[in-house]
Amino acid sequence: MIRSRISALLRMPAVQSLSRDVLLKMDPETAHGAAIAALRLGLTPGQEIPDPPALRTALCGLDLANPVGMAAGFDKNAEVPKALAQMGFGFVEVGTVTPRPQEGNPKPRLFRVGPAEGVINRMGFNNEGHEAVLARLRGLRVGAALGVNIGANKDSDDFVADYVAGVKRFAPVADYLTANISSPNTPGLRNLQADEALRRLLGEVLAERARAKVRVPVFLKIAPDLDEAALDGIAAVIAATDLDGLIISNTTIGREAVAGLENAGEAGGLSGKPLFSLATRRLAQMRQRVGDLPIIGVGGIHSPETALAKLEAGANAIQLYSALVFGGFDLLDRIKRGLAAAARTAGASNISALVGSRTQEWARGGPGA
Ligand SMILES: Cc1cc2nc3c(=O)[nH]c(=O)nc-3n(C[C@H](O)[C@H](O)[C@H](O)COP(=O)(O)O)c2cc1C
């Protein structure tokens, strides 16, 4: 009763913009901690109306109420997947989780690039490790599809073994797994995207998956900082495997889109609005190379229009994170309403009819390129 009153209060636009303004005044990592705490305490508005059938999405055998997911990195330790599902995300990806707990890089390590609505992070896979995260997920009914994003410890002497351990640990509790080989904040990790290394990684990860009792879909999350030859290489390697899908993309080490702005010189990966066009171009270029392999599009979605553009570029489902820092959680509702309206306008009974409708244009760089 009290919770539902608080929830109704929190849904009021004035309260939403007030809490957003308060969070934006805080140091970014403190603000993130406050958001997680609010979710843990149930102090965030729940979804009121069920998603319309037009948003229902099939992804690798998963039945999603809508195609909008929470990207990895927000809930690294699986503290609030259920609360995120209650807010209306169609799927929630927790992690990155590494076998052993690790502290990540020294603070400060998270920066806003305010005027551009960008975020730079060099968190460095701070997380509580497999055991703690598994303990939270065992027996948990999330209410939306649950992804577990797995990675490697910074000081590991065998990165591939860390991913294999992640598959073994989380296959029994996850609806899908993501092998994240694209964080710029663990030295050497992105080398796993190169031909031979990727072949070995996928060979071992997918062999471990095959040993699990239930077949869990495995996605590979790649960087946007890859040229077309590198995309060719990745496409050729995955064509010879039974990988289930790609997540495109992680953050960029490029700074062209924020040159000269405050914090642009900080080391780490850039996300949010300034990542949108690069990540969407890479997504479309990969769509041209992988046929109808499922792709989750992520990077810079900050409005209903950019969410729709990701789908049109070739994504079967989408994720977001950084824009929630600037737009607040009501952005999720606005995106879902916008997607349902776009399906109606196109005369389609489901949003999936628009997937890939503008891949060629985005592969060349998007509208106006
Ligand atoms: C603070 C922060 C931490 C992140 N941590 C992870 C992570 O642990 N694993 C991962 O795969 N991606 C991580 N990401 C990347 C996001 O999942 C996403 O790919 C990227 O931010 C682009 O989406 P966005 O522009 O909507 O934020 C992180 C992003 C941010 C901003």
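Residue indices begin at 1 and follow the sequence shown. All values below come from the heavy atoms of this structure, side chains included, with hydrogens, waters and symmetry mates left out. Indexing begins at 1, ligand by ligand and atom by atom, following the structure's order.
Residue L110 touches ligand 1 through its side chain alone, judged by heavy-atom distances below 4.0 Å. Contact annotation: for H32 versus ligand 1, there are no heavy atoms closer than 4.0 Å. Contacts with ligand 1 closer than 4.0 Å are made by backbone heavy atoms (N, CA, C, O) of S249 only, the side chain lying farther away.
The nearest heavy-atom contact from the protein to atom 23 (O) of ligand 1 is V298 CG2, 3.3 Å. From the protein, the heavy atom lying nearest to atom 12 (N) of ligand 1 is K221 NZ, 3.0 Å. Of all protein heavy atoms, the one lying nearest to atom 15 (C) of ligand 1 is N250 OD1, 3.5 Å. In terms of protein heavy-atom proximity, atom 21 (O) of ligand 1 is nearest to S271 CB, 3.2 Å. The protein atom (non-hydrogen) at minimum distance from atom 26 (O) of ligand 1 is Y321 N, 3.0 Å. Here the heavy atom of the protein found nearest to atom 4 (C) of ligand 1 is G73 CA, 3.6 Å. The nearest protein atom to atom 8 (O) of ligand 1, hydrogens excluded, is given as K76 NZ, 2.9 Å; this is a heavy-atom distance. Summary of contacts: the protein heavy atom closest to atom 9 (N) of ligand 1 is T96 OG1, 2.7 Å.
In this structure, the side chain of N350 engages the main chain of P53 through a donor-acceptor pair within 3.5 Å.
Close approach of ligand 1 to L320 (heavy-atom distance below 4.0 Å) involves ligand atoms 26 (O). Below 4.0 Å from some heavy atom of N149 lie the following atoms of ligand 1, by number and element: 10 (C), 11 (O). Near G299, with a cut-off below 4.0 Å to any heavy atom, the atoms of ligand 1 are 22 (C), 23 (O), 25 (O). Distances below 4.0 Å separate heavy atoms of A71 from the following atoms of ligand 1: 17 (O). Using a 4.0 Å cut-off to heavy atoms of G300, the atoms of ligand 1 that qualify are 24 (P), 25 (O), 26 (O).
Here's the thing with L275: none of its N/O atoms is less than 3.5 angstrom from an N/O atom of ligand 1. Residue-to-ligand polar distances place N180 within reach of ligand 1: an N/O pair is separated by less than 3.5 Å. Considering backbone and side-chain atoms together, N121 places no N or O closer than 3.5 Å to any N or O of ligand 1. Not a single N or O atom of V119, backbone or side chain, sits closer than 3.5 Å to an N or O atom of ligand 1. Checked against a 3.5 angstrom limit, the closest N/O atoms of I301 and ligand 1 fall outside it. In terms of polar-atom proximity, S322 is counted as a contact of ligand 1, with an N or O under 3.5 Å from an N or O of the ligand.
K76 has no carboxylate O lying under 4.0 Å from a charged side-chain N of E128, or vice versa, which leaves the two without a salt bridge. With respect to the salt-bridge test (charged N to carboxylate O, under 4.0 angstrom), the residues E196 and R200 do not qualify. Ion pairing between a basic and an acidic side chain is recognised when a charged N comes within 4.0 Å of a carboxylate O; R136 and D75 show no such pairing. Salt bridge annotation for R209-D242: present, with a cationic side-chain nitrogen under 4.0 angstrom from a carboxylate oxygen.
Counting heavy atoms only, A72 comes closest to atom 13 (C) of ligand 1 of the residues A72, G118, P28.
At a threshold of 4.5 Å between side-chain heavy atoms, the hydrophobic network of Ile, Leu, Val, Met, Phe, Trp and Tyr places V148 and V298 in two separate groups.
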*Starting from the C-alpha separation in whole Å, work towards a yes-or-no answer on side chain to side chain contact (heavy atoms under 4.5 Å, CB included) for L201 and Y163.*
CA-CA 8 Å; L201 173 87; Y163 288 91; 3.6 Å; yes
*Run the numbers on E131 and R169 for salt bridge (Lys or Arg N to Asp or Glu O under 4.0 Å), then give the verdict.*
CA-CA 9 Å; E131 226 158 90; R169 268 287 168 71; 3.7 Å; yes
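Sparse packing is recorded around CZ of R56, with 12 or fewer heavy atoms of other residues, nucleotides or ligands lying under 6.0 Å away. Other residues, nucleotides and ligands contribute at most 12 non-hydrogen atoms within 6.0 Å of the CG atom of D292.
Counting heavy atoms from C-beta outward, L192 and F159 have side chains that approach closer than 4.5 Å. With a 4.5 Å cut-off on side-chain heavy atoms, L311 and L354 do not count as touching. Within the 4.5 Å cutoff, the side chain of L339 has heavy atoms near those of the L308 side chain.
Distances from ligand 1 to the non-hydrogen atoms of A323 include no value under 4.0 Å.
Taking the six-membered ring for Trp and thresholds of 30 and 60 degrees, Y321 and H32 have ring planes inclined between 30 and 60 degrees apart.
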